[in-house]
Structures are given as structure tokens and as C-alpha cells.
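See below for the structure under consideration.
Just follow the structure's listing: the first ligand is 1, and inside any ligand the first atom is 1. We number each residue from 1, following the sequence as shown. What you see is a predicted model; the values in this text were computed from it and never measured.
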Amino acid sequence: MTLAPSTPSRAWVRAPSPAYADCLRNESQPRPDVGRALAQHQGYVEALRAAGVGVEVVPPAEGYPDACFVEDVAVILDHEIAVLTRPGAPSRRPEVRDLAPWLAQTLTLHALEDPATLDGGDVLRLGPTLWVGRSGRTNREGIEQLRGLAAPRGIDVIEIEVAQGLHLKSACTALDARTLVVDPTALDPAVLRDHGVEVHPVPEPLGANVLAFGDRVLVSDAAPQTARWLQARGVTVVRVPLSEFHHGDGALSCLSLRLPPAGAWSV
Ligand code: CIR
């Protein structure tokens, strides 16, 4: 298991449907523009493909406004196994059985069960460990059921309390297995450092959700200072415009489910 996250061999994405305009979102967010969201989604797919990821585009789910945020409905444990979640928002639960047949073509699927709730946005992969946020969407039962499924595969689960914001990964993501970027206004860096990792506070909240793999880091266009900071560290940064997904409380990671190559891990 290396420190650097591998380029996913494959990723599933789902373009927004017209219903996306009615997605769940914080009351401070404007209604997303679906036409612009579609164009930004295409740009996101192109950024993944340019990085060497084989992207499978699942048709939009007409009835489910938030279905483009595929990351929330499954947790991929390795290149063969995934866990279907039970999303914390009841309106999102039907997305799981809608996406499952696509994942089942490649993966053996397990499932979390009532009373568990868990959103994939609360699950941060760091090498052989899953850090799981206990949040407004993910409860302790969800974390314990995931722990039970991960343990036989040699994957440990660490619980992190998320008192603010939607998900753990709204506030922190990994550059490698020992290095995190964090939005210090949402999550106390000291809590993460207590687990022995290097933690870098970033100047923009949207800079805390990056996708790092292979030779590059994808960063939202809405976080230019974070992009410059990474470039100054010698990182190849790919900036991706995502304003319409930010309006839906989403970020880079939530728009894909990423499959690591055999024997490796990926963010
Ligand atoms: C929701 O509230 O569930 C969606 N509007 C946003 C989900 C974003 N997902 C993620 O960060 N993993």
C-alpha cells in the first residue's frame, strides 16, 4: 500500500437531470442552473478522462434531484467490493437501488440496513483506513455497520465528529495517505492531527474538497488560492468549474464513485 493515491481504474458519474434544480441545499444557496450544471458536469468528466480514468456515465435519474451526487450512495472498499449506503436524507434513499445495477456489473455489493444512515460524502479513504464522519447524515449505527464490513478486508474505521457542514469531506480530503487539506472554519485541524496525519488548513472552504490521484490534484475553480498554494508545492493542479454543484452543496468528490486498481487505493 503506497502513500500516494492511485489513479482510479474506473469512475461512475451521473449527469444532473432537469429535477436537479430542486435539489436539497442550504437555504443560503441559489437555485442551480441545470443547463450550466450539465456543461460543468461534462467538464468534470473530461478532467477525469484526461487523468486516465475510465469514466462510465450512467443516464440521469429523472425522479431524483440529487442523484448526480453518486458518491453518497456507495462506499467502494476495493476493486471488487462496495457497500451500498442508506443516505441520511430520506428523499435520497431510492437513489441507491437505482444505481446499484450499474455497480453490480463490476462489484460485489453489500448494503447497510435500517437503522443505519450513512452518506459516502462522510467517508474519507486514507490508505488502509476509512475516516468516517458522524454528521447530520451519518449515524453511529451506519459507522458500525460499515466497520463490520470493512474489517474482514483489513480496512480500519476511524470515527470523526462533524459538528458543522454537510459531510466530513465537505471539510477535509486527502492529498496522500498521511496528508490532509482542511477547512479550519468547519473542522478543527487539531482533531485530525491527533490521528497522526499532516494537516494543512486551506484559505477557502471549497479548497478543502480536492481529488488527488496519480500525478495531479483536481481543485474547484472556486478555490484559486488553494490551487496556487498547491502549485507552489510543485503539484500539477487541474481547476474544474463547479459553481452549479456548489449551489447544491456539492463539491468535486461527490460527483463520482471511484474504483481503485487491484491492490491499490484511491481517494
Ligand atoms: C445533498 O444535500 O444531499 C446534496 N444536495 C449534496 C450532496 C453532496 N454530496 C457530497 O458532498 N458527497
Quiz item: With the 4.5 Å side-chain cut-off for hydrophobic clustering, are Val13 and Phe69 part of the same group?
Solution: yes
Exercise. Step through it carefully: locate the ring centre of Tyr20, locate the ring centre of Phe245, and say whether they are under 6.0 Å apart.
Key: yes
Self-check item: Contacts of type side chain to side chain donor-acceptor pair (under 3.5 Å), residue Thr185, not counting sequence neighbours
Solution: Asp183
Practice problem: Give a yes or no on whether a salt bridge exists between Arg153 and Asp78, defined as a side-chain N under 4.0 angstrom from a carboxylate O. | Solution: no
Practice problem: Could you tell me whether the side chains of Ser253 and Glu71 share a donor-acceptor contact shorter than 3.5 Å? | Solution: yes
Quiz item: Is a salt bridge present between Arg10 and Glu56, judged by a nitrogen-to-oxygen distance below 4.0 Å?
Solution: yes
Practice problem: Mind jotting down which protein residues get a heavy-atom contact under 4.0 Å with ligand 1? Chain and number order, please. | Solution: Leu24, Asp66, Phe69, Glu71, Asp72, Arg92, Gly121, Arg137, Leu166, His167, Gly248, Asp249, Gly250, Cys254
